[in-house]
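Have a look at the structure below before the remarks.
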Amino acid sequence: GLASATGRRVAELRAAGRTAQARESGRNALTISAASGATAAAALVVTSAALALLPAAGPFGGILGILAPVTFGLAPGFAMVGVARGFGDFVGRPLVRDAGGGLLRLAAIGVAVMSHGGVRWIAFGFMVGSVVGEFGFIADGLLRWWVRRGGETGWDRELWQGLRPYT
């Protein structure tokens, strides 16, 4: 729900002529999402380590560990989707995040398959393509100055409270 709450909050602030606060709200959304993504990635690493102790889990645990960075990238990537929507951009996400990330995933998986790398290398290729796509989109938003410190508010409590309906 962070993407939806962020998109609504950023759009409201911009409509009120408070662009600096809209950028600060976007920065807050990225902070929240980075913490969420890091927590999810850490949980996958711990789960991967626990599954490594179970012979019946086979390669699944190792694959979870390889894919952990994807969960870290997805959370801020979705937050940036909300920021982009709030700034009225509907081109960056489909071109950079979706198409660019999709092509990167396809290329990385293709290299893994052609080199006979096996399931772990295919998972690694998917991870690399996903992470580069997500962080490429985040970089696109940062370069457009959609996210930055506003100076006056610090923490956007209304964004945080706006998440409640989405939980």
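All heavy atoms count here, side chains included; hydrogens, waters and symmetry mates do not. The residues of the chain are indexed from 1 along the displayed sequence.
Within the structure, the ring-ring contact (aromatic ring centres under 6.0 Å, His included) test picks out no pair touching residues 4-56 (sequence neighbours left out).
Between the side chain of S33 and the main chain of L30, a donor-acceptor pair closer than 3.5 Å is present.
A distance of 9.5 Å separates CD of Q21 from OG1 of T19, quoted to the nearest 0.5 Å. Here the CD1 atom belonging to I109 is positioned 12.0 Å from the CE atom belonging to M114, to the nearest 0.5 angstrom. Interatomic distance, S130 OG to F135 CZ, rounded to the nearest 0.5 Å: 11.0 Å. One distance of note links CE of M80 with CG of D140; it measures 8.0 Å at 0.5 Å rounding. Interatomic distance, CZ of R8 versus CG of L159, reported as 8.5 Å (0.5 Å rounding). Atoms OG1 and CG, from T6 and D156 in turn, are 9.0 Å apart once rounded to the nearest 0.5 Å.
Taking all atoms of both residues into account, the shortest heavy-atom contact from L104 to G133 is CD1-N, 4.1 Å. Closest non-hydrogen pair, G88 versus R14, comes out as N-NH1, 4.1 Å. Summarising the geometry of A123 relative to I63, their closest heavy-atom pair is CB-CG2, 3.9 Å, with the distance given to 0.1 Å. Of all the heavy atoms in A22 and V10, the pair that sits closest is O-CG2, 3.7 Å. Residues A79 and L2 come closest through the heavy atom pair CB-CD2, 3.9 Å. A pairwise comparison of heavy atoms in S25 and R9 identifies OG-CG, 3.3 Å as the closest pair.
Two residues are said to be in side-chain contact when any heavy atoms from C-beta on lie closer than 4.5 Å; E24 and L13 fail this criterion. Using a 4.5 Å cut-off on side-chain heavy atoms (C-beta onward), F126 and I66 make no contact. Contact of the W160 side chain with the N28 side chain is not registered, since no non-hydrogen atoms from C-beta on lie closer than 4.5 Å. Contact check for S48 versus L51: no side-chain heavy atoms found under the 4.5 Å cut-off.
Considering only residues two or more places apart in sequence or on other chains, F124 meets the ring-ring contact (aromatic ring centres under 6.0 Å, His included) condition with W121. With sequence neighbours left out, the ring-ring contact (aromatic ring centres under 6.0 Å, His included) criterion links F87 to W146.
Note: the hydrophobic cluster containing F137 does not contain W145 (ILVMFWY, side chain heavy atoms under 4.5 Å, direct or indirect links). V111 and V128 fall into different hydrophobic clusters, defined by Ile, Leu, Val, Met, Phe, Trp and Tyr side-chain heavy atoms under 4.5 Å apart, directly or through other members. Two different hydrophobic clusters hold V131 and L106 under the rule that ILVMFWY side chains link at heavy-atom gaps under 4.5 Å. Residue L67 is not grouped with residue V45 when hydrophobic side chains (ILVMFWY) are merged at heavy-atom distances under 4.5 angstrom, including chains of intermediate members. At a threshold of 4.5 Å between side-chain heavy atoms, the hydrophobic network of Ile, Leu, Val, Met, Phe, Trp and Tyr places V113 and V119 in one connected group.
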